[in-house]
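Working notes, beginning with the structure itself.
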Amino acid sequence: MEEFKDYENTQELEGWYNWPVRASKKIKSIRAINSVISYFRGHRLKRTLIISYALLGTMVWTATTGYFSPKRVTYTETQLRATQTFGNGLGSITATSMTYSPSNGMVVMELATSDATSAIQKGINTENLDWQVFLPSSVKNPEAVTLEVIPLTGDKVYLVMRNVPSDYTLIVIRATNKTPNSNSLKIDVQEYNDYLSSSSNDASVSKQNKQKDKEGNKNYVDFFVTPQNELLKNKYVKNLSREKFALNIFEEELKYQKGQRKELLASAKTLDDSVKEDTKTLEQLKRESEYLVGNELIDKQSDMEAIEKSMDSKEKDGAKARGNAAYVQTIIEQIEKNIKAVKNGTYKFNSPVRSVKQDIGE
């Protein structure tokens with residue numbers, strides 16, 4: 001007589017309602033023939049250690065990949081762009097450097113401005129720039145953050161922010177350009193019939209272009225100071241007064257410009273000496289050509305033409321180098337005037353700008 005358990009094992013359980021039992025039997029069969037599982041079933045301590053190591057390895061892997069993975073960027077490429085252009089065609093401002101000093105809560109930015117309303121290449125008049133600083137509402141005591149604007153020679157401007165908290169996450173610096181816009185002024189007479197015709201045509205597309213025109217006429221640009229900005233570098237910045245900041249910058253540039261002028265004048269002298277040497281070579285070739293005919297004469301004449309072209313090029317380069325040296329001299333003189341003005345207290349600084357709290361998002 002068969003025992004009940006043997007009978008149960010010999011019976012084939014059919015029907016959809018028996019699928020849990022069939023699945024259970026298959027799992028039991030696989031576990032029974034798996035020697036590894038059977039081994040660990042009997043060695044509880046080793047099983048616990050392996051499971052613990054597996055969990056610990058997963059945690060270490062997750063932490064490592066999170067640390068070395070790229071920072072999550074929550075701002076657009078346009079917002080983090082180094083060069084910001086005024087929508088109304090007044091020009092642009094480029095952030096050439098952006099430094100945060102965590103130890104004393106200072107942010108220093110170096111900007112280069114470009115005025116598109118001028119007939120010559122020059123920077124924006126700093127008197128035509130208004131500055132604002134916005135911090136998120138999550139920052140405590142944002143009123144303590146101040147911005148100092150230091151106008152420099154040419155197109156350069158330095159910004160120094162003080163009392164920036166370590167948890168700032170985002171600071172928006174807005175520069176508003178008040179330069180008169182002469183790019184779209186009406187100076188021609190328009191016939192009334194042409195006006196009526198253009199008005200009827202423009203009416204059909206005015207609604208579509210209304211928002212676009214609003215964006216395009218912006219007279220301000222925003223710079224996002226955030227750890228997510230690749231331009232921002234963490235580096236110690238000595239806490240100096242704005243006068244001392246200006247003096248340090250002016251003195252560094254003065255040293256550079258003097259060195260540049262010296263190099264340009266040296267280049268001009270070398271070119272002059274080279275022209276003198278070419279003159280001697282040209283005279284020698286002329287003397288030698290007096291006794292030549294045929295192909296030899298043609299070769300000498302070709303050499304003389306090459307020497308004359310080289311002399312002409314060197315003379316032009318020498319004149320350019322001397323002209324540039326004279327231009328650099330004007331920069332040197334302006335820097336020296338600025339240094340003198342800072343030292344005697346007559347240099348014009350903008351009044352410090354205090355930050356305001358605003359929901360600027362993160």
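Basis for what follows: all heavy atoms, side chains included, without hydrogens, waters or symmetry-related copies.
- Using a 4.5 Å heavy-atom threshold, the side chains of Ile173 and Val225 count as touching.
- For the residue pair Glu263 / Gln260, no side-chain donor-acceptor distance below 3.5 Å is found, with atom types taken as modelled.
- No more than 12 heavy atoms of other residues, nucleotides or ligands shown are found within 6.0 angstrom of CG on Asn295.
- Side-chain contact check for Leu264 versus Arg322: every heavy-atom pair is 4.5 Å or farther apart.
- The shortest non-hydrogen separation linking Ala246 to Val342 is CB-CG2, 4.4 Å.
- Closest approach of Tyr100 to Val164, counting heavy atoms only: OH-O, 3.7 Å.
- With a 4.5 Å cut-off on side-chain heavy atoms, Leu129 and Thr176 do not count as touching.
- Nearest heavy-atom pair, Asn229 versus Phe224, reported as atom, atom and distance to 0.1 Å: ND2-O, 3.0 Å.
- Met109 and Phe245 are members of different hydrophobic clusters when ILVMFWY side chains are connected at heavy-atom separations under 4.5 Å.
- A side-chain donor-acceptor contact under 3.5 Å links Asn104 and Ser101.
- Annotation: side chain of Phe86 is in contact with side chain of Ile124 (closest heavy-atom distance under 4.5 Å).
- Side-chain polar atoms of Asn338 and Thr153 form a donor-acceptor pair below 3.5 angstrom.
- Smallest separation of non-hydrogen atoms from Val237 and Thr99: CG2-CG2, 3.7 Å.
- At a threshold of 4.5 Å between non-hydrogen side-chain atoms, the residues Leu147 and Val160 do not count as touching.
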Inset, instruction - Evaluate the side chain to side chain donor-acceptor pair (under 3.5 Å) criterion for residues Thr85 and Ser92: first the C-alpha distance (whole Å), next the side-chain angles of each, then the deciding distance (0.1 Å), finally the verdict. - result: CA-CA 4 Å; Thr85 303; Ser92 63; 4.8 Å; no
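- Scanning for salt bridge (charged side-chain N to carboxylate O under 4.0 Å, His left out) contacts around Lys244 gives an empty result, with sequence neighbours left out.
- Nearest heavy atom pair, residue Ala95 against residue Leu231, reads O-CD2, 3.3 Å.
- In this view, Arg162 and Glu148 satisfy the salt bridge (charged side-chain N to carboxylate O under 4.0 Å, His left out) rule, not counting sequence neighbours.
- Residues Met161 and Ile171 meet the side-chain proximity criterion, which asks for heavy atoms closer than 4.5 Å.
- Heavy atoms from other residues, nucleotides or ligands lying under 6.0 Å from CZ of Phe349 number more than 12.
- Inter-residue side-chain proximity for Ile93 and Thr83 is flagged as unmet; no heavy-atom pair is nearer than 4.5 Å.
- Side-chain contact between Pro151 and Tyr158 is absent, with no heavy atoms from C-beta onward closer than 4.5 Å.
- Two rings, from Tyr347 and Phe250, have their centers less than 6.0 Å apart.
- Each side-chain hydrogen bond (donor to acceptor under 3.5 Å, both in side chains) pair with one or both residues in residues 274-284, not counting sequence neighbours, appears once here: Ser274-Lys314, Asp278-Lys314, Gln284-Arg287, Gln284-Glu288.
- Considering all non-hydrogen atoms of both residues, Arg242 and Ile150 come closest at O-CD1, 3.8 Å.
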